[in-house]
Amino acid sequence: MARNEPLFSFVEFNYLDSPREACAVCSLDMTADAGRWQDAVTAALAETRRLGEFGITQSELERFGTALVTDSEQLAAMGDQLAHSDQVTHLMEAIACGHTWMDPATAHAATVTAVDAITLDEVNTVARDLCDHVLNFGHEPLPSAMVACAPKYMPDGSIVEIDSETLLQVAERASSMEILPEPEMTVPTTLLTQSEVTELKQKSLELKDKTIDIEPEEAKRVGAFAKKLGNGARIVVKPLSHEAQRGAIRITAAGGRSLEHKGSSQIPPGSIALGCRTLQEGGAFEPWTREQVELFCVDRLIMVEVICVDEAIHIDFQFPTPAPRNGGCTGLEAALQIAHKILQPGAFVWETDALNRGRVVLSQQHETTMRSMEGAAQEMLTSRISGNDFRFLSCSAAIADAVTLDNIKEAMTAIFTPSNVEVVIVGDFVGTTPTEAVELAELYIGSVDAQPISQNSVVVADKNPAESIPIQIRADDEEELKRMHVEDSDPRAVAYIVGAAPNRAGFLADGSALVDAVVGNVLKKNTNSKVSVNIPARWRHPVFATAALALLQEVINRRLFSVVRERRQLTYDANFQLSDNERLLGGWFLVTVTASPANADAALQACKDTLAALRGQHPPSRDNLDSARRVVVNRHLAELTSNKYWCDQLTGTTFESMPSKTFASIADFAAIAEQVTVNDLTAILNFLDNDRVFTCVATSGSSDAAAPTDLNDAHACSHVSLRRR
């Protein structure tokens, strides 16, 4: 809808029985560019009128019916695995709405019967009833409400003019516009013809002798199959039956925004961030248009999300694994066809309108961050600890506008070089054996053309050690505390502490391993001792640092809650979080504490005192560790029933640039976590630099209640003021 112009970042028509309202509710929700809200409202209302006036076509009815049955079939397959709380919620909603409550299997049988019996005329009659308040806008029945929320100011300072009278006028104009039925669209049942699949099979067979197994015995411990294919791509396949008839795929390209460099013609600033957003907004594969590919995914309930982080690009797929009842390939094969099209050089069509929508989304995200009290404060702290490195900050409109379509095409093609890519597949492969699932992965991923390694290639998956984050340590003469204030009607405050730390895998910014640094400290302390030093075997396990850091994070969170909230009663929430990177060397920790403006400085100081006490008078206790261990281990074991969690855990296990991320790390996580001692945590605490931290107090309200009255005293600090727009 209006895809040639970036009007919407979100638009959706909903119909539901509302127990709260005691009636059925139809709602048209949208998020749009504030400067073009009138065009957005007009386009959304026009499309709703089109549905009410002309209805859907017979082919749409058949496709949507198939998707509905597929969704119902999955729910029925998971009937005995649904949580009791979900069952109770469903039962309560059925009673409140006067519905007939059925178990998933019975509901599925009823759904199939209903879908087979419904006619096109019946559906279009209901569509007209649902859209009647838009079709006849200004007459009975009238909409119950029209609600608009917009910022007061645009980024350029101009006022956003929107009021009830203008909103009604726009709706009235939209209701009188001429509308025409949408032309019938052919939706493919497969993205590749049989002859094209045959060619891919031949291509993958030619490279078969170059395929090697990756740590087959270790992979077997977690029930996975791992291979490095002839074109350099890596695949990991893990059968998992917990989510019945559901599958997940994660494509990971090592690098992410860390590959962007000023002055680079190949990967200039913003090219990876905008390239990922353009990939999400686009989706045309020759000979299919974007709309046809989108409907292919909608019909098969395939969800695709492109995620850009500092150290990688992830493309996540969620999908039903069986073939749809109207025929065609399985859900796994359909998702792999999309993956092949994305990775195959020249197959994905980079479109200018998708680029424009991507620019709008990134600009809106940056504006939202900088107008938010929390977002602006975290952005400032990230800037300080990274040395104002743009790669770790949100992508501004100025950066996005400077990137061209050729820039993102070249950058994304370079980073998606097969030898820089890993594909993880997890799920309940209905109609497909694990061996056949591996063969499908070899077919569609192994047949992607390998680009010759040249100066235009970007391969960092094999780079060991990986590149470092430019962590900045506060100099003794540099001010620690910054303040910022957002004008708002709601008085709030949040304080932050950020300092250097290892990454999640246990590597410091200088490239040294945390375990080696701990061992070095132990040996240094015992230099003059005649007693031999025994290095525990657990310290040498690849997952030790990851497990110990997870436990330490939980211990610190519990201590902050106990001291800052329970004992000193300065906050209702305080938490400690380590940065998420696993491949890039080094990281940071972030302490967040919310409080009233009057208590913000005291809460900040209480958090600093708590961190200092952990390294001094009040180190972690056995009780602290035991409580944290129960939470961390139980959470890990519970999450092992999730496709998404397995994708997270398996990601990076085949990258040489992530040496501590192995199959053994997954298999032995719980066992190693059980072996971690209080002394281990005490030793690791020395590598969280809480002496030379950066801090910030951010406030909102009519005045900065947390600011010191005398800014010329010894604790004076700089002020940054933001007007909430």
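When reading the values below, keep in mind they use all heavy atoms of this one structure, side chains included, and skip hydrogens, waters and symmetry mates. Note that this is a predicted model, so its numbers are computed, not measured.
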Is a side-chain N or O of [X] found less than 3.5 angstrom from the main chain of [Y], in a donor-acceptor match?
{"X": "R565", "Y": "T571", "result": "no"}
{"X": "E281", "Y": "G358", "result": "no"}
{"X": "S562", "Y": "R558", "result": "no"}
{"X": "Q292", "Y": "M185", "result": "no"}
{"X": "N557", "Y": "Q553", "result": "yes"}
{"X": "H340", "Y": "Y444", "result": "yes"}
{"X": "Q318", "Y": "L301", "result": "no"}
{"X": "K644", "Y": "A248", "result": "no"}
{"X": "S72", "Y": "L68", "result": "no"}
{"X": "R300", "Y": "T189", "result": "yes"}

Report yes if some heavy atom in the side chain of [X] is under 4.5 Å from a heavy atom in the side chain of [Y]; otherwise report no.
{"X": "E243", "Y": "D428", "answer": "no"}
{"X": "Q38", "Y": "T166", "answer": "yes"}
{"X": "E333", "Y": "E436", "answer": "no"}
{"X": "T321", "Y": "T330", "answer": "no"}
{"X": "L336", "Y": "I425", "answer": "yes"}
{"X": "I666", "Y": "W646", "answer": "yes"}
{"X": "P143", "Y": "F137", "answer": "yes"}
{"X": "V126", "Y": "E122", "answer": "no"}

Regarding [X] and [Y], do their side chains bring together a donor and an acceptor under 3.5 Å, going by distance alone?
{"X": "T57", "Y": "S59", "value": "yes"}
{"X": "E12", "Y": "N14", "value": "yes"}
{"X": "T190", "Y": "Q337", "value": "yes"}
{"X": "D648", "Y": "T651", "value": "no"}

Testing the basics here: between [X] and [Y], what is the closest heavy-atom pair and its distance to 0.1 Å?
{"X": "R50", "Y": "L180", "answer": "NH1-O, 2.6 Å"}
{"X": "A273", "Y": "C308", "answer": "CA-SG, 4.0 Å"}
{"X": "T699", "Y": "A493", "answer": "CG2-CB, 3.9 Å"}
{"X": "A603", "Y": "V564", "answer": "O-CG1, 4.4 Å"}

What's the separation between atom [atom1] in [X] and atom [atom2] in [Y], rounded to the nearest 0.5 Å?
{"X": "F319", "Y": "R246", "atom1": "CZ", "atom2": "CZ", "value": "8.0 Å"}
{"X": "I338", "Y": "I302", "atom1": "CD1", "atom2": "CD1", "value": "4.0 Å"}
{"X": "I315", "Y": "R250", "atom1": "CD1", "atom2": "CZ", "value": "11.0 Å"}
{"X": "W288", "Y": "L192", "atom1": "CH2", "atom2": "CG", "value": "10.0 Å"}
{"X": "L61", "Y": "T66", "atom1": "CG", "atom2": "OG1", "value": "9.0 Å"}
{"X": "L191", "Y": "K341", "atom1": "CG", "atom2": "NZ", "value": "7.0 Å"}

CA sep, side-chain torsions, deciding dist, call: F429, V237, side-chain contact (heavy atoms from CB on, under 4.5 Å): CA-CA 11 Å; F429 307 127; V237 179; 3.9 Å; yes
What do the steps show when you test D39 against T42 for side-chain hydrogen bond (donor to acceptor under 3.5 Å, both in side chains), and what is the final call? CA-CA 5 Å; D39 294 337; T42 300; 5.5 Å; no
Please check if atom CD in E165 has more than 12 non-hydrogen atoms from other residues, nucleotides or ligands closer than 6.0 Å. no
Is it the case that atom CD in E161 sees more than 12 heavy atoms from other parts of the structure closer than 6.0 Å? no
Under a 4.0 Å N-O cut-off, is there an ion pair linking E367 with R371? yes
Between R63 and E60, is the closest basic N to carboxylate O distance under 4.0 Å? no
Is there a side-chain contact (heavy atoms from CB on, under 4.5 Å) between Y572 and T594? Walk through the geometry before answering. CA-CA 7 Å; Y572 52 85; T594 54; 3.4 Å; yes
Under 3.5 Å, side-chain donor or acceptor atoms of residues 83-92 against the rest of the protein: list the pairs with distances, not counting sequence neighbours.
{"unit_1": "T89", "atom_1": "OG1", "unit_2": "S85", "atom_2": "O", "d": "2.9"}

Could you walk me through whether I251 and F317 pass side-chain contact (heavy atoms from CB on, under 4.5 Å), step by step? CA-CA 9 Å; I251 301 173; F317 298 77; 3.7 Å; yes
Residue set satisfying side-chain hydrogen bond (donor to acceptor under 3.5 Å, both in side chains) with N124, at least two apart, ordered chain then number -> none
What's the verdict on side-chain contact (heavy atoms from CB on, under 4.5 Å) for E305 and I307, showing C-alpha distance, side-chain angles and the deciding distance? CA-CA 6 Å; E305 183 180 15; I307 305 168; 4.0 Å; yes
